[in-house]
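Report on the structure given below.
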Amino acid sequence: MPLFGELKRPADAGEIRSLTFDETEFQRRHAALRTAMAEEGLDALVCTFAPSVCYVSGYETLASFVPAFLIVGIDREPTLLVDDFEAFNAMVSSWVEDVVTYPWSEDPAGALVEVLRNRGWANARLGWEHHQHGGAHQSYLHAAESVGGSWSYVHWLVDGVRARKSAAEIAAIRSAGAITPRGFDAARAELRPDAPDTAVAAAAYQALVGAGSERMSIQPIITAGRNSGIPHTTFGRSRLTPGHPVILEWGACVKRYTAPMIRTVVIGELADPVWDAMYAACVAAVERTIAGMRPGVSTLELGEHATEPLAELPSRVFRDGNRGYSVGLSFEPDWMDVPGLQICPRSGRTERSVATYPTLEEGHVFHVRAVTRDVGRAGVGVSETVAVTADGCEVLTDYSRHPIGLS
């Protein structure tokens with residue numbers, strides 16, 4: 001007996017469906033992806049990465065870690081394969097009509113093989129789009145061995161289409177960008193000596209969700225005390241100390257599109273003049289990046305130019321050359337949108353990244369950022385979400401870049 005079955009839609013399925021964008025936006029994406037597939041000589045593409053599946057089909061679930069496959073044919077309508085527990089989300093969130101389900105207790109790779117055979121893709125020229133997540137490689141090996149045909153990894157293909165945001169996508173990011181600053185006002189109200197960082201986190205959560213944010217792709221980051229001098233730390237019952245900086249970072253989410261920001265908090269004045277210099281260098285780096293953003297600008301040259309202010313800091317200060325990375329459509333646990341699309345010197349880029357994204361283009365959207373850390377002692381940072389426009393750029397977030405604090 002086959003593992004898969006057709007989705008049984010109720011008679012009022014049209015009334016149940018609730019797409020995040022209208023169908024013309026999804027058809028635009030679908031057509032652009034087919035064009036990219038034709039250039040690669042593919043008959044069909046199997047998408048496995050949740051943001052890519054969502055981008056093309058609209059399919060969305062809280063359990064984005066659960067395997068789902070979108071099969072995009074060059075000459076037919078796409079097929080969406082999900083487990084039967086997720087069938088209802090497919091019914092509500094996706095425009096795709098050909099939805100196939102498999103029992104949640106069964107092997108998804110086996111179900112994929114059955115669908116590929118049943119839909120006539122055996123011996124076709126097939127592409128496999130993936131990002132490193134659980135089970136993707138095993139599913140690829142199983143499908144390649146069982147279905148036959150000519151297979152190739154093309155995990156950059158959907159990214160190339162996603163890189164340039166449409167007006168509808170930028171409108172969603174702009175809406176998120178209007179919510180993100182609310183968290184900083186709420187955080188400011190919690191600034192007092194010896195206050196727990198969890199109080200700041202609670203205020204930020206309440207402000208962001210209360211203003212209309214969906215669940216966020218990265219939860220609000222509040223890194224206080226010595227933790228602020230260590231990358232990728234967050235709140236954990238540390239206490240706020242006068243003169244010691246606290247890094248705040250979060251991004252509200254609208255239609256799964258995120259607009260992140262970083263700001264720095266301090267009660268009183270920064271206790272070490274090096275920290276003042278670090279913050280001034282971060283602001284200068286971000287403002288240089290924004291000033292240089294326009295179509296046709298080299299992502300390498302802008303990254304090098306904007307990183308120059310950080311080079312004057314003492315050697316004990318940790319900093320990087322990443323002045324901006326792509327943001328937009330995202331699911332937990334990351335808000336990065338298109339890997340490789342960066343404003344960064346060559347030292348921080350792969351050769352494929354340099355070749356694929358050599359210059360800025362209209363529709364690119366970046367988290368433009370600079371963070372420096374006096375390692376193990378303190379850290380400071382600032383950032384904005386910025387879209388490249390036809391003749392320059394638009395900052396989609398708005399909040400003072402001066403340190404947030406109480407004198």
Side-chain angles (χ1 to χ4, degrees), residues 177 179-211 213 216 218-252 259-287 309-310 312-314 316-320 367-385 397-407:
I179 297 172
T180 299
R182 304 284 190 92
F184 298 113
D185 283 331
R188 183 173 190 154
E190 294 299 323
L191 294 186
R192 58 186 184 278
D194 206 38
D197 56 7
T198 49
V200 180
Y205 271 102
Q206 183 174 7
L208 295 168
V209 177
S213 175
M216 287 160 272
I218 296 178
Q219 300 313 307
I221 297 168
I222 297 91
T223 177
R226 293 184 181 273
N227 280 349
S228 70
I230 305 296
H232 286 176
T233 56
T234 191
F235 60 89
R237 295 167 298 282
S238 294
R239 298 283 172 170
L240 306 190
T241 303
H244 205 105
V246 182
I247 298 176
L248 309 178
E249 181 176 11
W250 47 69
M261 295 179 72
I262 301 171
R263 290 295 187 267
T264 298
V265 165
V266 60
I267 299 173
E269 301 295 327
L270 288 168
D272 189 320
V274 171
W275 303 345
D276 275 308
M278 287 162 53
Y279 193 79
C282 287
V283 172
V286 166
E287 292 182 349
L310 305 179
E312 303 301 319
L313 294 171
R316 82 189 203 210
V317 175
F318 173 78
R319 64 273 196 191
D320 61 62
H367 183 207
V368 174
R369 38 80 69 197
V371 180
T372 57
R373 291 179 171 87
D374 186 358
V375 179
R377 299 184 68 229
V380 297
V382 64
S383 76
E384 306 285 4
T385 296
T397 44
D398 182 21
Y399 201 87
S400 171
R401 292 177 193 145
H402 293 295
I404 303 168
L406 297 178
S407 299

Next item on the list: Report yes if some heavy atom in the side chain of Val265 is under 4.5 Å from a heavy atom in the side chain of Leu191; otherwise report no.
Entry: yes
Next item on the list: Check the angle between the aromatic planes of Tyr399 and Phe184 and answer parallel, tilted or perpendicular using the 30° and 60° thresholds.
Entry: tilted
Notebook entry, point to check: Shortest non-hydrogen contact from Ala186 to Ala203?
Noted result: CB-O, 3.5 Å
Notebook entry, point to check: Applying salt bridge (Lys or Arg N to Asp or Glu O under 4.0 Å), which residue pairs with at least one partner in residues 369-384 are found, sequence neighbours left out?
Noted result: Arg263-Glu384, Asp272-Arg377, Arg316-Asp374, Asp320-Arg369, Asp374-Arg377, Glu384-Arg401
Check: Would you say the side chain of Thr264 lies within less than 4.5 Å of the side chain of Leu248, judging by non-hydrogen atoms?
Finding: no
Margin query: List the residues meeting side-chain contact (heavy atoms from CB on, under 4.5 Å) with Ala199, not counting sequence neighbours, and say none if there are none.
Written below: Glu190, Pro196
Item checked: Residue pair Thr233 / Thr223, side-chain donor-acceptor N/O under 3.5 Å -> yes
Next item on the list: First locate atom CD1 of Ile247, then atom CG of Asn227, and finally report the distance between them rounded to the nearest 0.5 Å.
Entry: 10.0 Å
Checklist line | Check: Trp250 and Ile222 side chains under 4.5 Å, non-hydrogen atoms | finding: yes
Check: Are side-chain heavy atoms of Val246 and Leu240 found at a separation under 4.5 Å?
Finding: yes
Next item on the list: Indicate the atoms forming the closest heavy-atom contact of Gly376 with Ile230, along with that distance.
Entry: N-CD1, 3.8 Å
Note to self: I need the Leu310 CG to Arg319 CZ distance, nearest 0.5 Å.
What the structure shows: 7.0 Å
Next item on the list: Ignoring hydrogens and angles, state whether a donor on the side chain of His367 or Ser383 is under 3.5 Å from an acceptor on the partner side chain.
Entry: yes
Notebook entry, point to check: Between atom CZ of Phe235 and atom CD of Gln219, what is the distance when rounded to the nearest 0.5 Å?
Noted result: 8.0 Å
Check: CE of Met278 to CG of Leu313: how many Å apart, nearest 0.5 Å?
Finding: 7.0 Å
Check: Backbone N or O of Gly225 within a donor-acceptor pair of the Ser238 side chain at under 3.5 Å?
Finding: no
Notebook entry, point to check: Within the distance-only criterion (no hydrogens, no angle test), does the side chain of Asp197 pair as donor or acceptor with the backbone N or O of Gly236 below 3.5 angstrom?
Noted result: yes
Next item on the list: Would you indicate whether Asp398, at its atom CG, is surrounded by more than 12 heavy atoms from other residues, nucleotides or ligands within a distance under 6.0 Å?
Entry: no
Checklist line | Shortest non-hydrogen separation from Ala378 to His244 and the atoms involved | finding: CB-NE2, 3.8 Å
Margin query: Between Thr397 and Thr385 (side chain of the first, backbone of the second, donor and acceptor by atom type, cut-off under 3.5 Å), is there such a pair?
Written below: yes
Item checked: Check: Arg239 side chain, Ala195 main-chain N or O, donor-acceptor pair, under 3.5 Å -> no
Item checked: Minimum-distance pair of heavy atoms, taken over all atoms of Ser228 and Gly379 -> OG-N, 2.9 Å
Next item on the list: Indicate yes or no for a side-chain donor-acceptor contact from Thr180 to the backbone of Gly251 under 3.5 Å, with no hydrogens or angles considered.
Entry: no
Margin query: For a quick test of reading the model, state the closest non-hydrogen atom pair linking Leu208 to Pro220 and the distance between them.
Written below: CD1-CG, 4.2 Å
Check: Does Glu287 reach the side chain of Val283, with side-chain heavy atoms less than 4.5 Å apart?
Finding: yes
Check: Is any side-chain heavy atom of Val371 less than 4.5 Å from a side-chain heavy atom of Val380?
Finding: no
Item checked: Pro245 and Tyr279, any side-chain heavy atoms less than 4.5 Å apart -> no
